[in-house]
Amino acid sequence: MAWRLLLSKSTSSKTLTSPPLQNPTPNPLLSLFSSHFSTSFLVTKTPKKHKKKREKPESPRTRLVQHPSTRIPQFESLLERDSYFRFLTKSKQFLSQQPERILRLDDAGKLHQELGFPRGRKIHRFLQRHPLIFQTYRHTDNKLWVGFTDFMEELLEEEKEIMDSMESDRVNKVRKLLMMSKNKRIPLSKIHHCRLLLGIPDDFRDRVAKYPDYFRIVVEGDGKRILELVNWDPSLAVSKLEKEFMVNEEKAKRAFKFPVKHGKDLDLEVEDTRRLNLLNTLPLVSPYSDGERLELWSLEAEKYRLGILHEFLSLTLEKRASIHHIVEFKEELCLTKHTYDMLKKQPRTFYLAGTEMNWVVFLKDAYDENGGLIDKDSQVIFNEKLYKYAQMKEGELDSSVWKS
């Protein structure tokens, strides 16, 4: 009974002390937010367009080689042109090697790497860029196929005639490349991979058999075919830079610069300083000499490697090469992993474009002030004509083009 009495007292005390319930006037603003209707129209987050974009950290993949103040637009535009025509050049090479030069469209859509278009894109969009070059048609199997137009077939025959007429020149290029290489031998697969760089035809591996006095093919135990030099030709063992030295000695001396670090306490006369620097500026080491005998990090070895790259670029069609081409012959040409830094120190002769991970090196003296090649190979002239046609529409092709 005691606990009942205590409970009744506590209940009665709460009842007496608690204020009476009232019905306050409703707040219209409060009722709006407590409504059961949707409030999704209210802006509760910062829109994407007003958000500050997070800058991606720079990396060698994206960091440009040249500062805006040192960029040469003519060279950079050549890289943009190559990027635009990447689908054209790669598809032309791949399709030319197919039976009857045709390919089923469904299969072509899966070969993004071989045909040079981004993964996930529709190949039909790239084919439409070049209506004078590619065409699609429905075969008897009711499948769509892609092939060359009749106009492009005529261009390919013209290119074949150029290749045949330039065979002697291409053979000498390969001979010079072998003469520069370590042990005077290079895998045939590497030469084939860089064939467009040097203007070598697709069937060069078959044409080699016509020149037993120059080349020999050796098959190693793993099946790799190696191209070896048979005879050394002293008349070919003269570099482009050495020829320039005989014509314009001062220009050749300024090609590379290796300044000597010396203190002021030497108290040299102006003429003596010039002579001292001249000894380290003149490229004295021939790229056709034995580079393996040189001490790896010596000044003489660096002169040799620069001479190798200068001569290698001189052998290319457009006097330029990408890092991928140079790395391909890294072992044969005795190059090091510091090739990029070495080239950057020689801006008089070389110009590097692109990004630090995917750069292209140009031989500056081979171009005029407008970025055009001074001496154009027949294949280069053909390629430029092909690029012009590739940008035309069907109605822009008149009878004069067919006769050219």
For this session: Test salt bridge (Lys or Arg N to Asp or Glu O under 4.0 Å) on Lys184 and Glu332 and set out the steps.
Result: CA-CA 8 Å; Lys184 312 302 177 277; Glu332 286 78 14; over 6 Å; no
Donor-acceptor pairs are to be reported for all side-chain atoms of residues 100-116 against protein atoms at under 3.5 Å, with residues two or more places apart or in another chain.
unit_1, atom_1, unit_2, atom_2, d
Arg101, NH1, Glu153, OE1, 2.6

Exercise. Is atom NE2 of His139 surrounded by more than 12 heavy atoms (other residues, nucleotides or ligands) closer than 6.0 Å?
Worked result: yes
Exercise. Can you name the residues that form a salt bridge (charged side-chain N to carboxylate O under 4.0 Å, His left out) with Lys376, not counting sequence neighbours?
Worked result: Glu384
Problem set entry | Test side chain to side chain contact (heavy atoms under 4.5 Å, CB included) applied to Pro118 - qualifying residues, sequence neighbours left out | Arg121, Phe126
Exercise. Is the count of non-hydrogen atoms from other residues, nucleotides or ligands lying under 6.0 Å from Glu369 atom CD greater than 12?
Worked result: no
Exercise. For Arg63, which residues count as a salt bridge (charged side-chain N to carboxylate O under 4.0 Å, His left out) partner, sequence neighbours excluded?
Worked result: Glu58, Glu356
For this session: Decide yes or no on side chain to side chain donor-acceptor pair (under 3.5 Å) for Gln346 and Thr349, but give the supporting numbers first.
Result: CA-CA 6 Å; Gln346 303 295 340; Thr349 300; 5.8 Å; no
Exercise. Hey, are the side chains of Val65 and Thr355 touching, using non-hydrogen atoms and a 4.5 Å cut-off?
Worked result: no
Exercise. Which residue pairs satisfy the salt bridge (Lys or Arg N to Asp or Glu O under 4.0 Å) criterion with at least one member in residues 309-322, sequence neighbours excluded?
Worked result: Arg81-Glu318, Asp82-Arg320, Lys176-Glu311, Glu318-Arg320
Exercise. Taking side chain as C-beta onward, heavy atoms only, is Leu317 less than 4.5 Å from Leu198?
Worked result: no
Seminar exercise, completed: Across all chains, not counting sequence neighbours, the side-chain hydrogen bond (donor to acceptor under 3.5 Å, both in side chains) partners of His324 are Asn358
Problem set entry | Exceeds 12 heavy-atom contacts within 6.0 angstrom, atom CZ of Arg125 | no
Exercise. Just wondering, do Leu299 and Tyr304 contact through their side chains at under 4.5 Å, heavy atoms?
Worked result: no
Problem set entry | Selection residues 291-300 - residue pairs positive for salt bridge (Lys or Arg N to Asp or Glu O under 4.0 Å), sequence neighbours left out | none
Problem set entry | OG on Ser189 to CD on Glu328, rounded to 0.5 Å | 7.0 Å
For this session: Would you mind listing every ring-ring contact (aromatic ring centres under 6.0 Å, His included) that reaches into residues 53-82, with sequence neighbours excluded?
Result: Phe75-Tyr351, Phe75-Phe362, Phe75-Tyr367
Exercise. Can you name the side-chain hydrogen bond (donor to acceptor under 3.5 Å, both in side chains) partners of Lys210, sequence neighbours left out?
Worked result: Glu167
For this session: Tell me, with the steps shown, if His310 and Lys240 meet side-chain contact (heavy atoms from CB on, under 4.5 Å).
Result: CA-CA 8 Å; His310 189 284; Lys240 179 75 172 177; 4.3 Å; yes
For this session: Could you give me the CA-CA distance, side-chain angles and deciding distance for Leu178 and Val174, then say whether side-chain contact (heavy atoms from CB on, under 4.5 Å) is met?
Result: CA-CA 6 Å; Leu178 287 170; Val174 177; 4.3 Å; yes
Problem set entry | Heavy-atom side-chain proximity of Phe85 to Asn383 below 4.5 angstrom | no
Exercise. Ile323 and Tyr340: side-chain contact (heavy atoms from CB on, under 4.5 Å), yes or no, with the steps?
Worked result: CA-CA 9 Å; Ile323 177 179; Tyr340 170 81; over 6 Å; no
Exercise. Quick one: does Gln74's side chain get under 4.5 Å of Leu78's, heavy atoms only?
Worked result: no
For this session: Count the heavy atoms of every other residue, nucleotide or ligand shown that sit under 6.0 Å from CD of Glu331, and state whether that count exceeds 12.
Result: no
Exercise. In Å, rounded to the nearest 0.5 Å, how long is the span from CG of Leu156 to CE of Met163?
Worked result: 10.5 Å
Exercise. Can you tell me if Ser91 uses its side chain to pair, donor with acceptor, with the backbone of Leu88 under 3.5 Å?
Worked result: no
Problem set entry | Pairwise side-chain contact, Tyr389 with His130, heavy-atom cut-off 4.5 Å (strictly under) | no
For this session: Give the intermediate values and the outcome of side-chain contact (heavy atoms from CB on, under 4.5 Å) for residues Tyr211 and Val230.
Result: CA-CA 10 Å; Tyr211 303 94; Val230 174; over 6 Å; no
Exercise. About how many Å separate CG of Asn183 and CG of Asp290, when rounded to the nearest 0.5 Å?
Worked result: 9.0 Å
Exercise. Between CD1 of Ile191 and CG of Leu197, what distance do you get to the nearest 0.5 Å?
Worked result: 12.0 Å
For this session: Name all residues meeting the side-chain hydrogen bond (donor to acceptor under 3.5 Å, both in side chains) criterion together with Trp145; count only those two or more places apart in sequence or in a different chain, and write none if there are none.
Result: Asp141
Problem set entry | Test log, rule salt bridge (Lys or Arg N to Asp or Glu O under 4.0 Å), inputs Asp164 and Lys160 | CA-CA 6 Å; Asp164 293 339; Lys160 184 178 182 303; 3.4 Å; yes
Exercise. Do you see a donor-acceptor pair shorter than 3.5 Å between the side chains of Gln93 and Ser96?
Worked result: no
Exercise. Would you say His338 has more than 12 foreign heavy atoms packed within less than 6.0 Å of its NE2?
Worked result: yes
Problem set entry | Pair listing, side chain to side chain donor-acceptor pair (under 3.5 Å) test, anchored in residues 221-231, at least two apart | Arg185-Glu228, Arg216-Glu228
Exercise. Listed by chain and number, what are the side-chain hydrogen bond (donor to acceptor under 3.5 Å, both in side chains) partners of Asp169, not counting sequence neighbours?
Worked result: none
Problem set entry | Neighbour count above 12 (heavy atom, 6.0 Å) for Lys182 NZ | yes
For this session: Could you tell me whether the side chain of Thr70 and the main chain of Gln66 form a donor-acceptor pair under 3.5 Å?
Result: no
Exercise. Taking side chain as C-beta onward, heavy atoms only, is Leu335 less than 4.5 Å from Phe329?
Worked result: no
Exercise. Do Glu159 and Lys385 meet the salt-bridge criterion of a basic N to acidic O distance under 4.0 Å?
Worked result: no
Exercise. Is the distance between the ring centroids of Tyr387 and Tyr84 under 6.0 Å?
Worked result: no
Exercise. Would one find more than 12 heavy atoms of other residues, nucleotides or ligands at under 6.0 Å from atom OH of Tyr214?
Worked result: no
Exercise. Taking atom CD1 of Ile226 and atom CD1 of Ile186, what is their separation to the nearest 0.5 Å?
Worked result: 9.5 Å
For this session: Determine whether His124 and Val146 make a side-chain contact, defined as any pair of heavy atoms from C-beta on separated by less than 4.5 Å.
Result: no
Exercise. Between Glu158 and Glu154, is there a donor-acceptor pair closer than 3.5 Å when you use the side chain of the first and the backbone of the second?
Worked result: no
Exercise. Would you find a donor on one side and an acceptor on the other, under 3.5 Å apart, between the side chain of Asp203 and the backbone of Asp206?
Worked result: no
Problem set entry | Short side-chain to backbone donor-acceptor contact, Lys364 and Pro347, under 3.5 Å | yes
For this session: For a salt bridge (Lys or Arg N to Asp or Glu O under 4.0 Å) with Asp202, tell me which candidate from Arg195, Arg170, Arg207, Lys92 qualifies.
Result: Arg195
For this session: Enter the distance from Thr62:OG1 to Leu64:CG here, rounded to the nearest 0.5 Å.
Result: 8.0 Å
